[in-house]
Amino acid sequence: MNLPACPKCEENYTYADGDFLICPMCAHEWSVDADADDTPVIKDAVGNVLNDGDSVTVIKDLKVKGSSTPIKVGTKVKSIRLIHDAPDDHDIDCKIDGFGAMKLKSSVVKKA
């Protein structure tokens, strides 16, 4: 298998580790199929790119169906999971302390 050079330092010492390619010279890691990856990029309310596992902060009060208390501004949500083919714009799957499993729109959060 002919592996590509590192996109960061351009050295040819790249090796594969599972689904990632790693450069031992600069420790840069990238996905094996990063070039073939055509999944849409999900951004937060201020334009930062979101990734699985990121922590985000809610930027406005959110009413929760079936609950008398809203999710308050500044609530931190850890370990988000992105949903790339969400039919209703709720493209973040997460757990919020005190509320449980929930789906949020990326337009109401910012990367923490």
Side-chain angles (χ1 to χ4, degrees):
M1 180 178 188
N2 191 10
L3 297 174
C6 175
K8 189 172 182 184
C9 71
E10 307 206 2
E11 289 291 338
N12 291 316
Y13 302 110
T14 304
Y15 66 93
D17 185 1
D19 289 340
F20 290 96
L21 296 176
I22 301 172
C23 175
M25 301 305 286
C26 67
H28 181 65
E29 295 181 18
W30 67 100
S31 176
V32 171
D33 50 354
D35 296 332
D37 192 14
D38 59 354
T39 56
V41 174
I42 297 176
K43 296 183 179 182
D44 67 2
V46 292
N48 297 319
V49 176
L50 296 173
N51 297 305
D52 286 335
D54 282 346
S55 293
V56 295
T57 305
V58 176
I59 62 169
K60 68 180 202 174
D61 285 346
L62 302 174
K63 293 180 183 177
V64 179
K65 220 181 231 187
S67 175
S68 59
T69 58
I71 297 172
K72 297 284 188 182
V73 170
T75 300
K76 191 166 184 175
V77 182
K78 299 177 186 175
S79 298
I80 64 169
R81 288 173 304 284
L82 300 179
I83 306 168
H84 291 284
D85 54 356
D88 59 352
D89 292 339
H90 288 79
D91 46 12
I92 297 174
D93 190 21
C94 60
K95 280 187 184 174
I96 299 177
D97 291 339
F99 291 95
M102 185 158 297
K103 292 183 180 173
L104 298 174
K105 293 182 178 183
S106 57
S107 61
V108 297
V109 299
K110 81 173 180 182
K111 196 169 187 175

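As the structure is a prediction and not an experimental result, all values here were calculated from the model. Side-chain atoms are counted along with the backbone in the values below, which use heavy atoms only and exclude waters and symmetry mates.
Among residues at least two apart or in separate chains, salt bridge (Lys or Arg N to Asp or Glu O under 4.0 Å) pairs with a member in residues 74-94 are R81-D93.
Inter-residue side-chain proximity for V77 and M102 is flagged as unmet; no heavy-atom pair is nearer than 4.5 Å. Looking only at side-chain heavy atoms (C-beta outward), T14 and W30 come within less than 4.5 Å of each other.
S68 and P70 make their closest contact through O-CD, 4.0 Å (heavy atoms, listed as atom of the first residue, atom of the second, distance). The shortest heavy-atom contact between I22 and E29 is CG1-CG, 3.8 Å. Contact detail for L3 and A16: the closest heavy-atom pair is CD1-N, 3.9 Å. For T57 against A112, the heavy-atom pair with the smallest separation is OG1-CB, 3.7 Å. The shortest non-hydrogen separation linking G47 to D44 is N-OD1, 2.9 Å.
For the atom pair CD1 of I92 and CG of D52, the computed distance is 10.0 Å after rounding to the nearest 0.5 Å. Here the NE2-NZ distance, from H28 to K8, works out to 6.5 Å after rounding to the nearest 0.5 Å. Note that the OG atom of S107 and the CD1 atom of I42 stand 11.5 Å from one another [nearest 0.5 Å]. Note that the CD1 atom of I71 and the CD1 atom of I96 stand 3.5 Å from one another [nearest 0.5 Å]. Distance check: L62 CG to L104 CG gives 6.5 Å after rounding to the nearest 0.5 Å. Atoms NZ and OG, from K110 and S55 in turn, are 13.5 Å apart once rounded to the nearest 0.5 Å.
L50 and I59 sit in two unconnected hydrophobic clusters of ILVMFWY residues. Membership requires side-chain heavy atoms under 4.5 Å apart, directly or through other members. A single hydrophobic cluster is not seen to contain both F20 and L82; linkage of ILVMFWY side chains at heavy-atom distances under 4.5 Å, directly or through other members, places them apart. Under the 4.5 Å side-chain heavy-atom criterion for ILVMFWY residues, no single connected hydrophobic cluster contains both M25 and L21. Linking ILVMFWY side-chain heavy atoms closer than 4.5 Å, directly or via other members, places V108 and I80 in a single hydrophobic cluster.
For S106 (side chain) and K43 (main-chain N/O), a donor-acceptor pair under 3.5 Å exists by modelled atom type.
One finds a salt bridge joining D54 and K111 here, because a Lys/Arg side-chain nitrogen approaches an Asp/Glu carboxylate oxygen to under 4.0 Å.
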